[in-house]
Amino acid sequence: MHNLASNASAESAPFRSRPALVTELAPVVRRAQLVDVLQLAALVNGFAADQLLLPRSTEQVALALDNYVVAVDAGGRVLACASLDEYSPSIAEVASVAVDRGFQGLGLGTQVVAAAEQIARQRGFEQVFAMSLAERFFSSMGYAVVALADYPEKLARYESLVAGGVAIVPKRCFAKTIAE
Ligand SMILES: CC(C)(COP(=O)(O)OP(=O)(O)OC[C@H]1O[C@@H](n2cnc3c(N)ncnc32)[C@H](O)[C@@H]1OP(=O)(O)O)[C@@H](O)C(=O)NCCC(=O)NCCS
């Protein structure tokens, strides 16, 4: 478990431990706002450059802002994000899951994915899936490995991206039932 509420004091500790850093940052997980768009796209595209995520333009993010959640620090800096992409009335993809490289391993990824799942529940989706190389991360959140063939529309979207010149690295498909 992540100790986000650690009370280890920066003065007394020999090092500024990462949980203490998170306490200082006081990250808030909330729905994305217009003010987040540039940072959000930059965060996602930083990982798209490594082909870990699909690229997103600022226009794409702005148009789908309702689908994004962010973790921001007290100064409004976007530390992490995730989005929800509808596939069918019952299935949505948890996509664009990204945590600033300086703040990974602190539980922020878990928090933004949980927030995206909460939106999925509120919107009536029964299942979410994600495409990723981060198997341990999605397993820790209760996702199971499934066949990409179960999501023909995702395959079709990949094919159209490849036809448009976007490089797609093979990833695993993870799914989770979220219906209450
Ligand atoms: C994957 C990622 C979102 C995880 O976010 P994070 O805030 O570092 O993760 P958390 O601190 O919430 O960790 C939760 C669990 O996932 C594991 N984990 C963290 N990063 C991981 C990674 N890159 N690969 C596999 N497992 C990972 C942790 O060990 C932790 O497990 P534990 O609780 O058993 O120790 C983050 O590393 C990231 O932004 N990666 C680059 C983009 C990416 O690959 N996104 C996923 C595709 S949608």
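Because only heavy atoms are used, hydrogens play no part in the values below, and waters and symmetry mates are left out as well, while side chains stay in. Counting starts at 1 for both ligands and their atoms, following the listed order.
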Quiz item: Considering V113, L133, L52, which one's heavy-atom position lies nearest to atom 44 (O) of ligand 1?
Solution: L52
Exercise. Pick, from L54, V44, V99, the option with the minimum heavy-atom distance to atom 39 (O) of ligand 1.
Key: V99
Per-atom contacts, ligand 1 versus [X] - under 4.0 Å to a heavy atom:
X: L106; value: 11 (O)
X: G105; value: 6 (P), 7 (O), 8 (O), 11 (O)
X: L53; value: 45 (N), 47 (C), 48 (S)
X: V97; value: 3 (C), 42 (C), 43 (C), 45 (N), 46 (C), 48 (S)
X: A98; value: 39 (O)

Look only at interatomic distance and state if [X] has a nitrogen or oxygen under 3.5 Å from any nitrogen or oxygen of ligand 1.
X: S132; answer: no
X: G107; answer: yes
X: V94; answer: no
X: F47; answer: no
X: M131; answer: no
X: F138; answer: no
X: R136; answer: yes

Distance (rounded to the nearest 0.5 Å) between [X] [atom1] and [Y] [atom2]:
X: S57; Y: L63; atom1: OG; atom2: CG; result: 8.0 Å
X: E117; Y: F125; atom1: CD; atom2: CZ; result: 13.0 Å
X: L65; Y: L40; atom1: CG; atom2: CG; result: 7.5 Å
X: E135; Y: R172; atom1: CD; atom2: CZ; result: 4.5 Å
X: L52; Y: L133; atom1: CG; atom2: CG; result: 6.0 Å

Quiz item: So, for R56 and Q60, which heavy atoms are closest and what is the spacing to 0.1 Å?
Solution: CA-OE1, 3.2 Å
Quiz item: For A130, is the nearest heavy atom under 4.0 Å from an atom of ligand 1?
Solution: no
Quiz item: Has the side chain of S132 got a donor or acceptor atom that lies under 3.5 Å from a matching backbone atom of A134?
Solution: yes
Quiz item: Is a side-chain donor or acceptor of D50 paired with a backbone partner of F47 at a separation under 3.5 angstrom?
Solution: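 Not at all, since once roles are kept as given, no pair shorter than 3.5 Å links the two residues.
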Exercise. Show your reasoning for whether side-chain hydrogen bond (donor to acceptor under 3.5 Å, both in side chains) applies to Y87 and E93.
Key: CA-CA 7 Å; Y87 267 75; E93 179 182 5; 3.2 Å; yes
Practice problem: Pick one of side chain, backbone, both or neither for how A134 approaches ligand 1, counting any non-hydrogen atom pair under 4.0 Å. | Solution: both
Practice problem: Kindly assign one of parallel, tilted or perpendicular to the pair F174 and F138, based on the angle between their ring planes and the thresholds 30° and 60°. | Solution: parallel
